[in-house]
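Encoded as structure tokens, the structure appears first; notes follow it.
Below, chain A is the first sequence line, B the second, and so on; all start at residue 1.
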Amino acid sequence: MAQTNTAFATTGRSRKGEPFVWLTAAGLTIGVILTLGLLGLVVVKGLEVFWPARLVVLEVEPAEGSGQGTAAGTVAGYVVQERVRRDLAGKTHEEIQVFRGNRELHGEKFVFLDRADIAETRQPGDLLLVERLEGGHVIGRAGALELAGGERLEAGAAGFDERLEQLIEESAGRREELKRIEKDQIGRNAKRVKELNLEAKLAGSDAGVAAELAELREEFERLDGERGEIRERLEADHFVVESADGREIRLAGGELLHVFRPNEAGFLGRLGEMFRRGWTFLSSDPREANTEGGVYPAIFGTVVMTLVMSIFVTPFGVIAAIYLREYAKQGHLVRAVRISVNNLAGVPSIVFGVFGLAFFIYFVGGLVDDTFFPDAEEPVYKSGGILWASLTLALLTVPVVIVATEEALAAVPRGVREAALACGASKWQAIQRVVLPASLPGILTGVILAMARGAGEVAPLMLVGVVKSAPDLPIDGVAPFVHPERQFMHLGFHIYDLGFQSPDSEAAKPMVFATTLLLISIVVVMNLAAIVIRNRLRKKYATSSF
Amino acid sequence: MHEMVQTLEETASTEVSQAAIEVADVDFCYGRSRALKDISLKVPKGEIIAFIGPSGCGKSTLLRCFNRMNDLVPGARVTKGEIHVNGVEIHQPGVDPVELRRRVGMVFQKSNPFPRTIYENVAYGPRLAGPVEKSDLDDVVEGALRGAALWDEVKDRLDESAFGLSGGQQQRLCIARTIAVKPEIVLMDEPCSALDPVATAKVEELILELKKDYTIVVVTHNMQQATRISDLTAFFYLGELVEFDRTSAIFTSPKRQETEDYVTGRFG
């Protein structure tokens, strides 16, 4: 301050733009906060789904004038959310929403309770959280095991826990067996019967066909018998659970998936349970209208569709861009094409869905069906499937690849190009051996962007092959192993379906967050993989300009 | 394109005394602007010719005419006159520029190795003509690198990226890449302008060495360099060839005033 009169004292001009600097910084900050907020919400809510909450027993004694009209009694469950409600009289109520399960007893799995009504809260250690195949979770105390031979094992008796574990394991094995018989053997049998019937209808029946049909019928009877036996075994044992209000729930052994005591478990136990739930979520098929179980078919569908899409879109986009940039005479026509390509990227994605439905499914699929499957009773390729969905998305993302490739080609230094030509390379040789390798990192950037866009797209898929539930994966062990015509599940659509189409939206809510987290993670993982590959290439083919 | 190669070879063998490059009355235009005006000169075989002159005087343009590198520039073309390489007019329809460039190699101002290994850089040219035996290719690569006085420095790291080399080494690698194709004429567009004096000295030494096998045309801004390496010097100014003579004559007793002003540094 003492030296303001130096020759270089500020005139204030140097600080003139500062408000704008603040403005740009504020813009960036808002963007970052919004992104982090979104990611934070998804991560926290998504992981919360898997973290086993403590179970509480609440003694409810409704006070005068409480709005909910809850009956007095005992409620066991875990707290899902807290809220403040204002009733018509303007009085505020602090409420908690409790997941109490036991749908057959209460009709609803969730209940709202006024905090004022709760007389007592306890956390007894012996409360069980039972996962079962149908009907949602059961919460209560272990009652007894009623085993097949009329044997009854009371809770607390020696070996009770071990026997229960054993029962759960046995049931899992039997269900596997049942699935194998139903899906593989009976499925194969039925398929063959259908084929033979068709053959007989077309060519007239003969002795050979009749004999084989009889054989197949016999096999079916045998398999059906086995199936019945396993089903009986699954129903034979029962696990009796006492609910908090003293009623009993009899669970068939075959229904049981998992039993957990969240109040007894320590931190490590709960962590283990969290990983178990996470793994179940990733690896198993959905149940209960997608609100329970896992999302494995949706993960599979998303990844396969995105990869198939990349396989189509990359060569197509790159070749188009090479012609556009390297060979086409740069004139009005090329400029028009380039503008069109850029605009194509802005077309609403549902339009691509409609186009895919009309062109790929009805036209191309119809041709394929007429040519190769004229006898099929139901459309094979003339209906939505993973192949058509991938092609539709490839069309949707091709502008991204074209634009990125063009830019990468343009960024290859002129000197390198000229050097190749000066060595006596033809134009194609120069492009193939020098220009393309040098622009590979840029091309891959385009492919990464295309993949990210394609993996997150939902609207067009709904028209060209995505369904709510498709347990048969597009790649499996049944010949011919790859089934490009099959409908498939997709995580993006799964989120939409769970959140907005589910009959039990309250129960589906956690799954929405978990699935969102998963979809984001998959996109991130696929992008990271592509980025790692790109960086390797960049190192290998680095030119001085990169 | 095959015919063209034959023509080149035939002429080369039949008319021994012929000039490597003969430029007759050439005009060259970028769009509407005339970059070269009525240029005529003869480049004798086996000599080093230096093109000097201020920036934008057309010397690089003329150099790039010799292997039709200007074909790549939209709107650029020779509007008048003829350019003969080994007696063949290079703009006639039978001439394939790709084959021409195999005979007339070029080294650029900025060293521009390919984003590949050292070996791949040198092997690029020989491979273009078709598949080559690995052992033959090894010989060609070694020969070219030795020819470019680079072999001893890189023989242990042929599989490393060419970008690991220093600027001078990169430029000599580019020269090796050019001579690996076994051209007859080597065009050099300011090959030392981006190099330090030590690297420059090495490249100059190399150019003198290459004189035994190739006809060399060098564009340079460095007048000392022209005196050190060239046999003949052409001075260009504003698209015109002002004077073309033995290098000693240009620098000691120029006939034109502009030349004298330029070479003595009184001008520019």
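By the 6.0 Å contact criterion, CZ on B:Arg157 is enclosed, its count of non-hydrogen atoms from other residues, nucleotides or ligands being greater than 12. Within 6.0 Å of OH in B:Tyr30 there are more than 12 heavy atoms belonging to other residues, nucleotides or ligands.
Closest of all the heavy-atom pairs between A:Gln429 and B:Leu128 is NE2-O, 2.8 Å. Annotation for A:Ala419 and B:Asn112: closest pair CB-ND2, 3.4 Å, computed over non-hydrogen atoms. Residues B:Phe114 and A:Val416 share a closest heavy-atom pair of CE2-O, 3.5 Å. Residues A:Gly424 and B:Val98 approach most closely at O-CG1, 3.2 Å, considering heavy atoms. The two residues B:Tyr124 and A:Ala420 make their nearest non-hydrogen contact at OH-CB, 3.6 Å.
Both the backbone and the side chain of B:Arg127 come within contact range of chain A, with heavy atoms under 4.5 Å apart.
With rounding to the nearest 0.5 Å, the separation of CE in B:Met106 from SG in A:Cys423 is 12.0 Å. Here the CG atom belonging to B:Leu72 is positioned 8.0 Å from the NZ atom belonging to A:Lys427, to the nearest 0.5 angstrom. The CZ atom of A:Arg414 sits 9.0 Å away from the CZ atom of B:Phe108 when rounded to the nearest 0.5 Å.
Side-chain atoms of B:Arg101 do not come within 3.5 Å of backbone N or O of A:Ser426 as any donor-acceptor pair. No donor-acceptor distance shorter than 3.5 angstrom exists from the side chain of A:Glu418 to the backbone of B:Met69, with no hydrogens or angles considered.
Contacts of B:Glu209 classified as side-chain contact (heavy atoms from CB on, under 4.5 Å), with partners at least two apart in sequence or in another chain: B:Lys212.
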